[in-house]
Amino acid sequence: MKRKIEILKIINETPGITLSKLCEYLVLTKGNISLHLKEMEKENLIKKYKTKNDKKVFKLHPTRKGKDLYLNTKLKEIKNSSS
């Protein structure tokens, strides 16, 4: 779950990020991240959109549910750090 939250954080803070850039940020393989992205898409946390120039490249965006989960997680972090 921690890895999914980390991925969701990056997607929320960088909407439209590609899988390649996400791999660079996290220093993980495309295969590893792709598994998480598939789960997150099934859970309706993210949405993939094809790019106009290259149909193999997807831009990743958070859904409303993904944004809400990210914000709730961030609020909990803030509350825990101020306690």
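Closest of all the heavy-atom pairs between Asn12 and Gly66 is ND2-O, 3.6 Å. Closest non-hydrogen pair, Asn44 versus Lys65, comes out as O-CB, 3.5 Å. The two residues Leu60 and Thr18 have their closest heavy-atom pair at CD1-C, 4.4 Å. Tyr70 and Leu8 get closest at one heavy-atom pair: N-CD2, 4.1 Å.
Within 6.0 Å of atom NZ in Lys48, more than 12 heavy atoms from other residues, nucleotides or ligands are found, so the atom counts as buried in its surroundings. Counting heavy-atom neighbours within 6.0 Å of Lys47 NZ, excluding the residue itself, gives a total of 12 or less.
Tyr25 and Met40 end up in the same hydrophobic cluster when Ile, Leu, Val, Met, Phe, Trp and Tyr side chains are linked at under 4.5 Å. In the hydrophobic cluster analysis, where Ile, Leu, Val, Met, Phe, Trp and Tyr join through side-chain heavy atoms closer than 4.5 angstrom, Phe58 is grouped apart from Leu45. When hydrophobic clusters are built by joining Ile, Leu, Val, Met, Phe, Trp and Tyr residues whose side-chain heavy atoms come closer than 4.5 Å, directly or via intermediates, Leu71 is grouped together with Ile5. Note on Ile46: it does not cluster hydrophobically with Tyr49, by side-chain heavy-atom contacts below 4.5 Å among ILVMFWY residues.
Considering NZ of Lys4 and CG of Leu35, their distance stands at 11.5 Å, rounded to 0.5 Å. With values rounded to the nearest 0.5 angstrom, Ile11 atom CD1 is found 5.5 Å from Leu37 atom CG. Taking NZ of Lys67 as the start and CG of Asn72 as the end, the distance is 14.0 Å to the nearest 0.5 Å.
Using a 4.5 Å cut-off on side-chain heavy atoms (C-beta onward), Lys30 and Ser20 make contact.
With salt bridges taken as basic N to acidic carboxylate O contacts below 4.0 Å, one links Glu6 and Arg3. Salt-bridge annotation for Glu24 and Lys21: present, with a side-chain N of the basic residue lying under 4.0 Å from a carboxylate O of the acidic one.
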